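This report refers to the structure that appears directly beneath it.
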Amino acid sequence: MSKSPVREASKKERPWIMRTYAGHSTATASNELFRMNLAKGQTGLSVAFDLPTQTGYDSDHVLARGEVGKVGVPISHIGDMRALFDQIPIEKMNTSMTINATAPWLLALYIAAAEEQGADISKLSGTTQNDLMKEYLSRGTYIFPPAASLKLTTDVISYTVKNVPSWNPMNVCSYHLQEAGATPSQELAYALLTAMTILDSVKAAGELKQEDMGAVVERISFFVNAGIRFVDEMCKMRAFVRLWDEITKERYGVADPKQRRFRYGVQVNSLGLTEQQPENNIMRIVLEMLAVTLSKGARARAVQLPAWNEALGLPRPWDQQLSLRTQQILAFESDLLEHGDIFDGSVVVQKRVDELCEEAKREIEDINGRGGAVAAVEAGIIKQRLVESNAARLSAIESGTQIVIGINAFTETAPSPLTENLDGAIMVVDPKVEAAQIESIKAWRAGRDASAVKKALDDLRKAVQSGQNVMPPSIAAAKAGVTTGEWAGALRETLGEYRAPTGVASATLSQARGPKAAEEVERLRARLGSLEKKLGRRPRLLVGKPGLDGHSNGAEQIALKARDVGFEVIYEGIRVTPEQIVASALEEGVNVIGLSILSGSHLELVPDVLARLKAAGIGNVPVVLGGIIPDSDGKRLIEQGVARVYTPKNFELNAIMADLADLAERAAG
Amino acid sequence: MAEVDIEALARGVRAADKSFVSRALNLIENRRPDIERQMAELLAVLARGATESHGHRVGLTGPPGVGKSSLVAVLARELRERGKSVGVVAVDPSSMRSGGALLGDRARMAFDPQDQGLFVRSLATQGALGGLAHATHAAVEVLAAAYDVVLVETVGVGQTEIAVTHVADTVVLVVQPGSGDVLQFLKAGVMEIPDLLVVNKADHGATASRAASDLKSALSTLRQVGAGDGDLDVILTSARDRQGVDKLADALARHRELLGELGVAQRRSAGHAAWSVDWLARRVGTLGLEALGGSAETTALLAAAVRRGQPALSAAQGLADKLAIALR
């Protein structure tokens, strides 16, 4: 009966690509991390860029303050790209870049750096995320208006299909939609709508012929999310496979079934990871991984797992290793890869997949009936639906109808040895990194051929104005030593900048679940009513998102909830500077300010806001902070004058609202 | 709230010092009776220092979704570039259920936060009908004392946007291409005839110019039957592409000039009277108005007081006090 493990192994399916999302501090530090991960058996690279790079600013720009090297690596020019891939053969790598608004530019730098290594460009393989739709809806690193973004994405596709045929030029990301609250059918619908919008645009651009559509479709990959309801999530993946096959066949006339195959990578859900009893996250991550690996017919091509302590801060190399080992155990120790699809023929699975397909199709039709995905994004319709879904989810957790272990059930815990020394359990970026990076970019600018740079930028502007493909002049600019900020600046001039609708103004909260929750809301409303009498006017809350961090889900939910209990709420969306926050606070006469920061730049930004409030003569307005804030940082900020610090473990919005009312009352004296 | 030095506050407002303007607006939003006295005093002091020509008050109204906020943002920018300082009052609806509201005007976001010549205050309707918040009138008074032009953006509930005529020297109706309902409202007399018509979202090209010419011909028909007066400009704008905004700014200045000192004085006086009646009705209710001799009587009384140059709020407060004494 027993077979030799070696023979068994040879019969196995080839496993998926295993990645960890990495990059921080500087190109050189990230390069070391990459080489270490490759040595440990990782089979692809996934590059995280810092927010200034993602939003098209150099490290010395005022908006980059506090953000350099925080959530990823800063790449300001080809010198940084060279350092990032030092001693790593680009031609042999499969590199996934989480980059969107500046995707054409980072790809241009990558191609230029590869050429310097002597690589054959046509052999490069990897992915640029390049999905702006979800940036408007959730992640927030967009720069240009939707139509201009669509054109840039289309340019990258047209270019790579011809010149870098193994490259995945765009990766439709429904990952962030789920983080923003999307239900499985919404995730299906909005991802497929995004893909259709792009394909329609590529078709209309006319750079490629109809017979190339198969090649285009084949190169569109997806990046999805898998949550804790892993049976549903597995069915969602099967629904994706089925719907994509239908759409590409019927709408785009792709005949080859291989080209119509739904190819996707996964980052499993970080949203459901908890700060309380964080070791439980290991089990959650495993279950979520099963959703995207169990069924052969809908198995992920690449999987990256979050680290168990992501809700606490930036993971260390050891934490990432654990995530990688988790995948390796499933692929190499277990028998999963020896079997065909283990759910084919399952009545239950079939039924659920049918339902999801139906729901998704209805949503797609509805959005198309409203003028399509771009119009629905501009009008804020999709955003509003996501905000509402997310509010429903949070309220279910708060009322206990949706159970989260360690949060609203089984909260008792023995002391955890893993988090004994919390500050040691996360990684901290050295603040000196920013200063060093700023010095280095100044030196770079001083050391290059200024006239070549000017010419490259002029050519770039001309190409963009005349509607030519942005890739060739971008590659030329990369070689001439142009910086990220200069490239994006030239495009900002010609294409304009955009602020997306927040989706909050028109969103409605579903009725509180259960009599207890409804009572709580009524109590808060009465509290606000009596506070109004005392103050003489409705209490006002300013919700501010300083810095470049675009993860606005938390800020949106606070804004929505605060309105629901009776605050007048000022929320002006993402990417506002401390100066703007203080100007708004002053002009709007607010009673309390809530700041939301998830990028780790709170120690720079929050004291700045406090100092400016004082200078404007409104230093008495209480400030609270929400986000991923390590304990010791929270303590420091409270010493500096922050009234309250909320982290993901403060999931009870009603309690936060009561705090805000107390603070507003106390400040009024 | 501590005792306020009203004279100093007024000086700060006139100097357009943002922290004073903000405090003055906080004061006028306050509905505690003791504070309302201070507010009346402040408005009276500000009125004393003002000449009729001071500040151009522009109301922008129109159905939801026509892009009023974006238009206000680009118009403010245009005016700033012409060297005018700008105050903005943006009115948004309050939730009837919770009393809460989501404000957050984007006009401010397009500006340098250090710009001392732009000030934006959002107001919530708090149950007021007519597209404006109760505090709007007083807020406009404060901002007009500080800035050259005050832009008032209404909620945009459509046919009930009457109140804006009481705060604005110039009323701009903003519509978008292909919206015939506006014309219906004008015909039915539900909506006052505005001073200027703007067809926004003119980036919609042909639809927009067709909408504009439809409006023009319909308006001339209206004029022939005696509705409306003078020539009504129809301006095509695109807030998105910042097109036609210069023409709008020109037309606003032209209308202000056309009104002249007398026209402005008449409009403002009528607006003050309407506001004082509104304030009094809220304060004393219908029963109180009856006790004061009926709605028509009090309205006439207040209008006369305002014409004599008495500050509107002080006049109304006088009547309220009279009633309070009578009841005692």
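It should be emphasised that the depicted structure is a prediction, and the values quoted were computed from it without experimental measurement. Chain identifiers are assigned alphabetically (A, B, ...) following the order of the sequence lines, protein sequences preceding nucleic acid strands; residue numbering begins at 1 within each chain.
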Side chain to side chain donor-acceptor pair (under 3.5 Å) partners for B:D321, two or more places apart = B:R37
Heavy-atom pairs under 4.5 Å with chain A, option from B:R23, B:Q126, B:Q114 with the top count = B:Q126
task = Using non-hydrogen atoms and a 4.5 Å limit, figure out which bit of B:E36 sits close to chain A: side chain, backbone, both or neither.
result = neither
task = Report yes if the side chains of B:R242 and B:R77 come closer than 4.5 Å at any heavy-atom pair, otherwise no.
result = yes
note = Checked A:E568, A:K534, A:K533, A:E579 vs chain B; the most non-hydrogen pairs under 4.5 Å come from A:E568
query = Would you say the side chain of A:R65 lies within less than 4.5 Å of the side chain of A:D608, judging by non-hydrogen atoms?
reply = yes
task = Compare all side-chain heavy atoms of A:Y571 with those of A:S584 and state whether any distance is below 4.5 angstrom.
result = no
task = Heavy-atom pairs under 4.5 Å with chain B are the metric here; pick the option from A:P539, A:P145, A:G566 that has the most.
result = A:G566
note = In this structure, CZ of A:F567 is separated from CZ of A:R540 (nearest 0.5 Å) by 12.5 Å
inquiry  = Given heavy-atom pairs under 4.5 angstrom as the criterion, report whether the side chain, backbone, both or neither of A:E522 touches chain B.
reply    = neither
